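A note on names: the letters A, B, ... follow the listed sequences, proteins ahead of strands, and every chain is numbered from 1. A quick note: this is a predicted structure, and the numbers were derived from the prediction, not measured.
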There are 2 protein chains.
Amino acid sequence: MDYRPEDILPSISTDNIIFGLDNRKLKVLLIRRNIEPFLGNWALPGGFVLYNEDLDMSARRTLQNMTGMSNVYMEQVYTFGAVNRFPDRRVVTVAYYALINYTLDNLKAGPDASDINWFDILELPDLVFDHQHILETTLEFLRAKVRTEPIGFELLPQKFTLTELQGLYEAVLGTVFDTRNFRKKILKMNLLMPLDETQVGVAHRAARLYSFNKETYHKLKDKGFTFEL
Amino acid sequence: MDYRPEDILPSISTDNIIFGLDNRKLKVLLIRRNIEPFLGNWALPGGFVLYNEDLDMSARRTLQNMTGMSNVYMEQVYTFGAVNRFPDRRVVTVAYYALINYTLDNLKAGPDASDINWFDILELPDLVFDHQHILETTLEFLRAKVRTEPIGFELLPQKFTLTELQGLYEAVLGTVFDTRNFRKKILKMNLLMPLDETQVGVAHRAARLYSFNKETYHKLKDKGFTFEL
DNA sequence: GCAAAAGTGTTCGTTCTACACCCATGC
DNA sequence: GCATGGGTGTAGAACGAACACTTTTGC
C-alpha cells in the first residue's frame with residue numbers, strides 16, 4: 001500500500017518492537033529494508049504517521065501489515081528524537097512494543113521490506129539508525145513492566161502450563177526461578193484458572209493446563225491488588 | 001525570543017510538567033496563554049521543537065526560559081498524538097516532567113504567556129487542549145517512579161530533615177506513612193548522610209539535617225540494590 | 001510550663017528463600 | 001524399565017505493620 005505525500009507527517013514515525021516467545025526464547029521481529037537509506041539492512045518495522053491517524057493507530061497499522069494480527073497487546077514505550085538519528089532530515093520516532101503469540105505463519109514483509117524474520121534477543125544482527133538503542137530501551141521497559149503487570153500471558157497461547165509460564169518469565173527477565181516458589185506465588189494470586197485439561201502428545205507426565213483470567217485480575221486490581229513477581 | 005518558521009518543526013512540541021514542593025504540597029507550574037488559540041487560559045508550559053535540537057533540549061529550553069534553572073532533573077514521560085488533540089492542525093507533543101526545588105523567584109512568564117503560577121495538584125484550573133490528561137498521566141508516572149528510584153530528593157533542598165522527606169512522599173503519593181517505620185526503612189538503605197547540623201529558628205526541638213548521597217546510590221545500584229519505598 | 005515536633009523499639013504476622021523426592025507418561 | 005519433565009511441603013530468616021511515650025526547643 002502506498003500513501004500520498006500530503007497524507008503523511010514526514011517528521012514523525014512509529015517503530016514496532018514485536019516480541020514473541022519461541023521455545024523459551026524471547027524473539028523480536030525484524031525486517032530487511034528494500035528501500036534507501038540502508039537498503040538490505042535489518043531494521044525494526046515501522047513507518048511514517050499519517051495525517052489522519054493517531055500515533056497508536058499508526059503502530060497498529062504497521063503490525064497488522066506485518067503479521068495480519070489486529071487484537072494485540074501494544075503499548076507506547078518512548079520517543080526518540082536526537083537531531084541526527086535519521087540521515088539527511090529530521091525524523092522523530094515513537095516506539096511501541098507488541099506482545100504476540102509466536103507464529104511463523106502470516107508474516108508478510110510489507111512494501112518497504114524484502115524479508116522478515118524472528119531473531120533471538122541474544123543474537124541480534126546489526127540494526128540501522130538508532131534501532132539497537134531503541135530495542136535495548138524497550139527491553140528494559142518490558143522487563144520492568146512484566147514484573148508489575150500480568151502482561152506476560154500475551155506471549156502464550158490461551159491454555160498453557162505452569163512450566164511454560166515460568167519459562168516465559170525466565171526468557172524475558174534472563175533469570176531462573178525456583179519452581180516450587182514460582183508456583184506457590186503465582187497460584188496464590190488466584191489469577192489462573194486450572195482447566196480440566198492436560199497436555200497431549202508429550203513423552204512424560206502431562207502437565208495441567210491453565211488460563212489467565214483477565215476479569216478476575218481487573219476486579220482484584222480495583223480492590224488494590226497489585227501483580228508483583 | 002522568536003524563532004524563524006524554517007527553524008521549527010511545526011508538528012512536534014514538548015510540554016513540561018514542572019513539579020515543586022511547597023510546604024508539604026505538591027505543586028505544578030502553569031502559564032496563562034497570551035496567544036491564540038485559547039488566549040487567557042491556563043496551560044502547561046511548552047513549545048515547538050526546533051529543527052536543530054534534540055527533544056530533551058527542547059524541553060530544557062522551555063524550563064530554562066520559565067525558571068532560569070538549567071541543572072534540573074528531567075525525564076520524558078509519554079507522547080500524545082491523537083489526531084484532534086490540537087485545533088486546526090496536527091501537533092504531536094512529547095511530555096517531560098521536571099522536579100525542581102520550589103521557588104517563587106526567577107519565574108518569568110516567557111513570550112507566549114501573560115502569567116505564570118504554581119498550582120496545588122489538588123486544586124487545578126481548567127487546562128487547554130489535552131493538558132489535563134497529560135498532567136494526570138504524568139502524575140501516575142511520577143508516583144510509580146518515585147517509589148522505585150530515589151528521585152524525590154530533587155524536590156528538596158540539599159539539606160533536609162527526615163520529616164520533610166516523609167512529607168514529600170506523602171504529598172506525592174497522597175498517603176500517610178508511619179513515622180517510625182519510614183525512618184527505619186529509609187535509614188537502613190544507607191543513602192542518607194547524617195550531617196552535624198540541625199534546623200535553626202524553629203519553635204520546637206530542632207531536627208537533624210541529612211543529605212542524599214548520589215554516589216553511594218550508584219555504587220549500591222551497580223551491586224544490585226534497588227530503592228523501594 | 002506548655003506547645004510543637006523530634007526521635008526511638010518491640011511484637012507479631014507475613015513473605016521469601018532454600019532445598020529433594022516421588023509421580024505419571026511415552027517409548 | 002528408563003528417560004523426561006510434573007508436581008509437591010517445610011523450616012528458618014527477613015521483612016512489614018501496628019503501636020505510645022520521652023526529649024528538646026522556643027516562647
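- The residue B:Arg183 sits close to a base: some heavy atom pair falls under 4.0 Å.
- Residue pairs meeting the side chain to side chain donor-acceptor pair (under 3.5 Å) criterion with at least one member in residues 161-178 of chain A, sequence neighbours excluded, are A:Thr163-A:Arg183, A:Gln166-A:Glu170, A:Asp178-A:Asn181.
- In this structure, B:Phe182 atom CZ and D:dA17 atom C1' are separated by 16 Å, rounded to whole Å.
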When the side chains of residues 219-229 of chain A are checked against the rest of the protein, which donor-acceptor pairs come out under 3.5 Å, sequence neighbours left out?
none

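- Scanning DNA chain C 5' to 3' for nucleotides with an atom closer than 4.0 angstrom to a non-hydrogen atom of chain B gives a first and last hit of C:dA4 to C:dT10.
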Problem - Per-nucleotide protein contact string for nucleotides 19-27 of chain D, where B marks a base within reach and S marks sugar-phosphate only (heavy atoms under 4.0 Å, - for neither) - result: BB--BBBS-
Less than 3.5 Å apart, which donor and acceptor atoms pair up between the side chains of residues 123-134 of chain B and the rest of the protein, not counting sequence neighbours?
| residue | atom | partner | partner atom | Å |
| --- | --- | --- | --- | --- |
| B:Asp130 | OD1 | B:Arg85 | NE | 3.3 |
| B:Asp130 | OD1 | B:Arg85 | NH2 | 3.0 |
| B:Asp130 | OD2 | B:Arg85 | NE | 2.7 |
| B:His131 | ND1 | B:Leu44 | N | 3.0 |
| B:Gln132 | NE2 | B:Glu136 | OE2 | 3.0 |

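- Here side chain to side chain donor-acceptor pair (under 3.5 Å) pairs that include residues 185-212 of chain A, with residues two or more places apart or in two chains, are A:Lys159-A:Glu197.
- Partners of A:Thr148 according to the side chain to side chain donor-acceptor pair (under 3.5 Å) rule, which considers only residues two or more places apart in sequence or in another chain, do not exist here.
- Applying the side chain to side chain donor-acceptor pair (under 3.5 Å) test to B:Asp56 and every residue at least two apart in sequence or in another chain returns B:Tyr96.
- Using a 4.0 Å heavy-atom cutoff across all strands shown, B:Thr161 reaches no nucleic acid atom at all.
- The NZ-C1' distance, from B:Lys185 to D:dC15, rounds to 9 Å in whole Å.
- Residues forming a salt bridge (Lys or Arg N to Asp or Glu O under 4.0 Å) with B:Lys184 (at least two apart in sequence, or on another chain): none.
- In this structure, A:Phe212 has its ring center at least 6.0 angstrom away from the ring center of A:Phe160.
- Here D:dG5 presents its C1' atom at 13 Å from CG of A:Leu162, a figure rounded to the nearest Å.
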